[in-house]
Amino acid sequence: MLIHSVRSVAAVLAVTAALATPALAATPKDTLTIVSEQGPNSLDTMVPTANDHSRMVVWQIYDRLVSNGEKKLADGTVSYDAKVVTPELAERWDISPDGKVYTFYLRKNASFHDGTPVTAKDVKWSFDRAVAAGGFPAVQMAAGSLDNPAKFSVVDEHTFRITLDKPNKLTMPDLAMPVPVIINSELAKKHATAADPWALEWVQRNDAGGGAYQIQSWTPGQQTVFVRFDAWKSGPLPKLQKVIYRQIASAGTRRALIEKGDVDISVGLPPKDYADLAKIGKIKVVGVPVQNDLVFVDMNTKMKPFDNPKVREAISYAIPYKDILATALYGRGVAMYDGDTTKPYAPTWPVPIKHGTDLAKAKALLTEAGFPNGFKTTLSYDLSEATVREPTAILIQESLKKIGVELTLEKVPGSSWFAQMASKSMPMVIAEFYGWLDYPEYFFFWNFDGRNNAVFNTANYVNPTLDQQIEIARFTADEKTYKQSMQKMVDIVMTDMPRIPLYTRFADYAMQPNVKGFEYWFHTHPDFRKLYKE
């Protein structure tokens, strides 16, 4: 193992732990081993506490009606193509001329993991369940106007229909997300109760799918083992027979395992490790700017002093943008500052703020806002993202102190982060949102729409004019109207400044040179169906 830049006792201890880890036997050609700091806390994404890795699980073990095509990015990396919809469980579909009726014809030879045939009744029950789950799943469904069970109907055993009130261009893309997955309804209903009619308790611990992989075993907090479902009919049979997804807390250990060749892929390493590994060149490092992504600072517009736009503007000039990208990200991101001041904001998202760090300007604005001596407040961040968020928070704390703003840093446990976000109780936060659907209005719908009290709207920002423009952008079919609406939306939030853009992060992956077939997906997790080893 190569050891580089050991600068602290903590680093030495991490390396020592890595060396003490027993070497794993080289995995067979048909088996892939992935290591990550985190893993699923549920096998079902519908439960309110389900974490992001539960989306990784449902992606592998459940089918959706449709999927996406693929394309090559500028650096040669293969990516999914958001603009191309391809068959998955549905082998074909019809859309009515008015864009309101979608009819899907299911594969007649598809079955669930227990051998039960898949029918349109399973699709209907699964969609009803996603709406009934409420919270995140229901809002995700609503993005495509899939918000009412009355819109879903069974035509016959292998034909399913969606009937909308009005056309929505996000309907088809929304069907390829990890939420509208098709569940074995008869199996799930056997474990339903009066208190739990959708069998959330049972499905979150058991496989009720028909996807390309099935769960062989799951030890929460330690390991999830997937095995190929050889009867899968919704795409080419994967080359990998087994995928082992191991959770290892120590980043040093995860780096050591990939460098020693004991694992095939390491995800969730600190940016510094990916930068080091890419420079060394022995391990293949893939870094893709996450689509529609923004890491940002939100200021709660319903709390003093952030109810004052001048204060928010002042803070934006005091952020140490370059230092954050260089020392917290090690360059593994795309800058969202120092935008072109000679041009208006583009009608897209995200867009870079039009300035960088200017402490004199920040101090002048703060004085103009009535706070010549600054103020005290709290800056919160997700502790499960501390590797990057903590140095970011410290850099912001040090910079704001120079203009008289004293920040107390609050480390919120990852298990409580979404609840804290939803409470709208934090004065300032460092947070992130990346849209599964690569449409700017989707980002705005999730983050700024005051009508749905969006959980990611930690700025607690409500603007009826903005809400109206979001609605127009979501549903208009006229390109000129769409661009005008997007322009207004961007101008509003970049002028009122409830949110300060920092950067778009890279989705980074370290893998052995013999791992092939990697494809970037919007959810940022590896797609086991495409991977193989030479």
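On a predicted model such as this, the values are computed, not experimentally measured, just so you know. Side chains included, hydrogens not; waters and symmetry mates left out as well; all remaining heavy atoms used.
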Is there a donor-acceptor contact under 3.5 Å linking the side chains of Asp52 and His525? yes

Within 45° of the six-membered ring axis of Phe445 and under 6.0 Å from that ring's centre, is NZ or CZ of Arg474 located there? yes

Do the side chain of Arg312 and the main chain of Phe306 share a donor and acceptor less than 3.5 angstrom apart? yes

Which atoms form the tightest heavy-atom contact between Ser42 and Val47, and what is the distance? OG-CG2, 3.5 Å

Can you say whether the rings of Phe433 and Phe443 are parallel (under 30°), tilted (30 to 60°) or perpendicular (over 60°)? perpendicular

Donor on one side chain, acceptor on other, Glu390 and Tyr381, under 3.5 Å: yes

May I ask you to check whether over 12 heavy atoms, not counting those of Lys401, lie within 6.0 Å of atom NZ? no

List the atom pairs, donor and acceptor, that lie under 3.5 Å between side-chain atoms in residues 210-224 and the rest of the protein, sequence neighbours left out.
unit_1, atom_1, unit_2, atom_2, d
Tyr213, OH, Leu240, O, 2.8

Please confirm whether the backbone N or O of Val179 pairs with a side-chain atom of Thr45, one donor and one acceptor, at under 3.5 Å? no

Is it true that Tyr520 and Glu70 share a donor-acceptor pair across their side chains at a distance under 3.5 Å? no

Check whether any side-chain N or O of Arg332 sits under 3.5 Å from a backbone N or O of Asp508 as a donor-acceptor pair, and report yes or no. no

Side-chain touch Phe522/Asp438, heavy atoms, less than 4.5 angstrom: no

Heavy-atom donor-acceptor pair, Tyr532 side chain to Pro238 backbone, under 3.5 Å: no

